[in-house]
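Reading through the structure tokens given below for one structure.
Note that this is a predicted model, so its numbers are computed, not measured.
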Amino acid sequence: MENKKDKDSNKGKKNIIKKPGFNFTWIYGIVGVLLLLYFFMDNSIGENHKLISQNYFIETMFKAHDVDRVLIVNDKDVEVYLKEDARKNEKYKDLKLDTSKSKFTPKTPDAVFTVASAESFIEKVSDIEKDFSTENKLDFQTVTRESIFQMLFIYAPFILIGVFLFFMLKRSGGGGMGGGQIFNIGKSKAQLFDKNAKSQTTFADVAGLDGAKEEVMEIVDFLKKPDKYTKLGGKIPKGALLIGPPGTGKTLLAKAMAGEAKVPFFSISGSDFVEMFVGVGASRVRDLFKQAREKAPCIIFIDEIDAIGRARGKNNMQSNDERENTLNQLLVEMDGFSGDKGVIMLAATNRPDVLDKALLRPGRFDRQISVDRPDLKEREAIFKVHLKNIKLSTEISAEKLAVQTPGFVGADIANICNEAALVAARKNKASVEMDDFNEAIDRTIGGLEKKNKVILPEEKKIIAYHEAGHALCGWFLENAHPLVKVTIVPRGVAALGYAQYLPKEKYLTRTEEILDMMCMTMGGRAAERVIFDAISTGAQSDLDTATKQAYSMVVVYGMSEKVGNLSYYNMMQDNAFAKPYSDETARIIDMEIKDIVDGQYKRAIDLLTEKEEQLHLLAKTLLEKEVLFKDDLTRLLGPRKFPEDKIDFTKEPEIDIEIEGDVIEGTTEGEDKIA
């Protein structure tokens, strides 16, 4: 269910340094620098060139025949290039010309001036040239020139967009086997765990799951010794589907299989296949199997396979469903490799009912392995794993904690152990005590206790009688779960009180047991009717629970005489958009559900009317103490007449909770089916 004690949380692991993302402040800084440079260059032409006036050019340079050529730039700037011998003339010493330049060296302008219009300037110069000889006439050239800074500002938006797209595409598709670039979007994102890794998980690191480990041992043995099976012509199952509620350890079991067999392990989530681009999911499936064949023997593990494995043909809203294309490719790939190549498919889901039937046929996922909620012994083993890291008082026993937590999975147990340590730390204790575990269980299931919540006296009285009604019905009903605690202390978001029970661990539930539990559930509202001759909104979750139980009795389990021994559950799963029964049957079902709930409500009223004196006593004591345990109820109501398991705890954690405003219930396999 969960890993054994981690020897060192950081030992054997590489330090992962998160690379900083691109800082877009640099882009703003670059734009600012370009603006300053442009402004500087646009206003500093006189510093980089010899700036003269138009009159100086005509009277001093042009009429003296010292000008070699003139270049008119952008129809306004006139660049003057002097003859070689003229550049050495003393009259131009103020221009500080560089006389070391030879005629073979590319020249820069010797002087620059600006004109209002290039056309009028040329006409003026041409009029003067009429008296010049042919060899002294000027060569006028016009060009359009853009500085590098002007070009940058013209194309700056496109440059910035390109930079932005570059970094976005670089970051897209990150992670996985070959991600990081847009060109690798079709590559598999599976994470590869090498067989030589130091921190391999094995079956020794997995507590509980004894039955599931036995089922997968044959697959592990095949990966270790394939010749043992292939030489006789046998073929190992190509795939195994791990099915179980969330938190039961499906992913951990798959990792343990890879570690036990000492083979490479490809791990990927079903959602990693599906993208908005058509064909990407199918491409990633092909790439994953290509890598797996190169690493064979190996294990491919797809977590939450229902993300791509849902039954086809039910999504009629989309004409081209990329998820279905991905599923089709997965089905083809699973048929495409032979069983003796050592590529084993593992997948995990907690919703096997929605999977496509083609996935579950022989030749693909041949086996379905149940990873169920742990039983008493398995929970004890899981507690021992998680308690190793906690400093415990001598009174703590993994066996006691396992008894108090029926229906809990490995993830729940890990959370409770951690929460108990935090509770003890907040109280500055030297070790974690039993009270800390009780509080951790209460807080994990029901939420944080709110002792300071202001409740009106009349409301508090209604809550006390409501919870007393639950407790009293449970105490005097034979098939009700044993009562552990009843309280009117608010907890969580909307829980104004609750009655806590300890469900029996069983897999089958009889009709009488369901009816007794339903009667106990309706006991809160029945108490309000008996005492106040009125009802409140506090029974909302009670009504919801009772309605679901009655609906399951009629529609799922065939426990109604009027409807008969019929079950519509699977038929409704196959077609969620149509009822698998007629309108007349629907009317009968509605009436039967109502009759069952009303019957148990009347039964609760009759019981509380008969026990009204005990009801007043219990409610009055609750108003005084706010919390009552089983010993208190035994003292007030007398010993419970019906046999029950011997559980000797002074304070039990809430497992099955009836709550004013909300119901939080612990679960067993039988109760899951009823709900």
Would Lys602 and Ile605 count as a side-chain contact (heavy atoms from CB on, under 4.5 Å) if you check the C-alpha gap in whole Å, the side-chain angles of each, and the deciding distance to 0.1 Å? CA-CA 5 Å; Lys602 183 179 182 304; Ile605 289 179; 5.5 Å; no

Go through the steps to decide whether Met522 and Leu543 satisfy the test side-chain contact (heavy atoms from CB on, under 4.5 Å), and finish with yes or no. CA-CA 7 Å; Met522 299 300 294; Leu543 298 177; 3.6 Å; yes

Give the C-alpha distance, both sets of side-chain angles, the deciding distance and a yes or no for salt bridge (charged side-chain N to carboxylate O under 4.0 Å, His left out) between Asp632 and Lys485. CA-CA 9 Å; Asp632 298 317; Lys485 179 175 69 175; over 6 Å; no

Applying side-chain contact (heavy atoms from CB on, under 4.5 Å), run through Val530 and Tyr465 and close with a yes or a no. CA-CA 10 Å; Val530 169; Tyr465 275 98; over 6 Å; no

Step-by-step side-chain contact (heavy atoms from CB on, under 4.5 Å) determination, Val371 to Ile243: CA-CA 6 Å; Val371 186; Ile243 300 173; over 6 Å; no

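Remark: Asp590 CG to Tyr551 OH distance equals 9.0 Å, nearest 0.5 Å. Note that the CD1 atom of Ile593 and the NZ atom of Lys548 stand 13.0 Å from one another [nearest 0.5 Å]. If you take CD on Gln368 and CG on Leu355, they are separated by 8.0 Å, rounding to the nearest 0.5 Å. Distance check, rounded to the nearest 0.5 Å: CG of Leu607 to CG of Leu472 gives 6.0 Å. Taking CE of Met517 as the reference point, atom CG of Leu477 lies at 9.5 Å (rounded to 0.5 Å). Separation of atoms CG (Leu346) and CG (Leu241) is listed at 9.5 Å; rounding is to 0.5 Å.
Although no hydrogens or angles enter the test, the distance criterion places a donor-acceptor pair under 3.5 Å between the side chain of Arg373 and the main chain of Gly407. At least one donor-acceptor pair under 3.5 Å links the side chain of His470 to the backbone N or O of Met520. Side chain of Trp475 to backbone of Gly638: a donor-acceptor contact under 3.5 angstrom is found. The backbone N or O of Met434 sits less than 3.5 Å from a side-chain atom of Asn438, completing a donor-acceptor pair. Side chain of Glu378 to backbone of Asp375: a donor-acceptor contact under 3.5 angstrom is found. A distance-only check finds a donor-acceptor pair linking the side chain of Thr621 to the backbone of Leu617 [under 3.5 Å]. Under the 3.5 Å distance criterion, the side-chain polar atoms of Thr405 are matched with a main-chain donor or acceptor of Leu401. The backbone N or O of Val556 lies less than 3.5 Å from a partner atom in the side chain of Ser567, making a donor-acceptor pair. Between the side chain of Glu626 and the backbone N or O of Thr487, no donor-acceptor pair lies under 3.5 Å. The backbone N or O of Ala311 lies less than 3.5 Å from no partner atom in the side chain of Asp356, so there is not a single donor-acceptor pair.
The neighbour count for Lys427 NZ, taken as heavy atoms of other residues, nucleotides or ligands under 6.0 Å away, is above 12. Residue-environment remark: CD (Glu624) exceeds the threshold of 12 foreign heavy atoms within 6.0 Å. For Lys213, the NZ atom sits in a packed shell: over 12 heavy atoms of surrounding residues, nucleotides or ligands are nearer than 6.0 Å. Other residues, nucleotides and ligands contribute only 12 or fewer heavy atoms inside 6.0 Å of the NZ atom of Lys461. Around atom CD of Glu613, no more than 12 heavy atoms belonging to other residues, nucleotides or ligands sit under 6.0 Å away.
Side chains of Phe203 and Val216 form a contact here, defined as non-hydrogen atoms less than 4.5 Å apart. Here the side chains of Val354 and Arg351 are in contact, with some heavy-atom distance below 4.5 Å. Residues Phe437 and Val432 are in side-chain contact: their nearest non-hydrogen atoms beyond the backbone lie under 4.5 Å apart. In this structure, His616 and Ile531 have side chains that are in contact, with non-hydrogen atoms separated by less than 4.5 Å. With a 4.5 Å cut-off on side-chain heavy atoms, Ile514 and Met559 count as touching. Ile416 places a side-chain heavy atom less than 4.5 Å from the side chain of Phe408. Considering only heavy atoms from C-beta on, Leu636 comes within 4.5 Å of Leu628 through its side chain. Looking at Cys473 and Leu608, their side chains come closer than 4.5 Å, going by heavy atoms from C-beta outward.
Contact detail for Ala604 and Ala526: the closest heavy-atom pair is CB-CB, 3.7 Å. Taking all atoms of both residues into account, the shortest heavy-atom contact from Ile308 to Gly270 is CG2-O, 3.2 Å. In terms of heavy-atom proximity, Ala471 sits nearest to Leu483 at CB-CD2, 3.7 Å. Considering all non-hydrogen atoms of both residues, Gln600 and Cys519 come closest at OE1-CB, 3.5 Å. Taking all atoms of both residues into account, the shortest heavy-atom contact from Asp436 to Ser431 is OD2-O, 4.1 Å. Minimum heavy-atom separation, Lys388 to Lys384: CG-O, 3.1 Å.
Using a 4.0 Å cut-off between charged side-chain N and carboxylate O, Glu478 and Arg640 make no salt bridge. Taking 4.0 Å as the cut-off between side-chain N and carboxylate O, Arg525 and Glu467 do not count as a salt-bridged pair. Ionic pairing of Lys400 and Glu380 is not present here: no N-O contact between side-chain nitrogen and carboxylate oxygen is shorter than 4.0 angstrom. Salt bridge status for Asp631 with Arg635: absent, with no side-chain N to carboxylate O gap under 4.0 Å. We find that Arg587 and Glu584 are joined by a salt bridge, their nearest charged nitrogen and carboxylate oxygen being less than 4.0 Å apart.
Figure legend: cation-pi geometry between Lys255 and Phe301 absent, as NZ or CZ is not positioned both under 6.0 Å from the six-membered ring centre and within 45° of its axis.
Looking only at atom types and distance, the side chain of Asp306 has a donor-acceptor partner in the side chain of Thr349 under 3.5 Å away. No side-chain donor-acceptor contact under 3.5 Å links Asn418 and His386. In the model, Asp303 has no side-chain atom that pairs as donor or acceptor with a side-chain atom of Ser269 under 3.5 Å.
Residue pairs that meet the salt bridge (charged side-chain N to carboxylate O under 4.0 Å, His left out) test with at least one member in residues 240-254, sequence neighbours left out, do not exist here.
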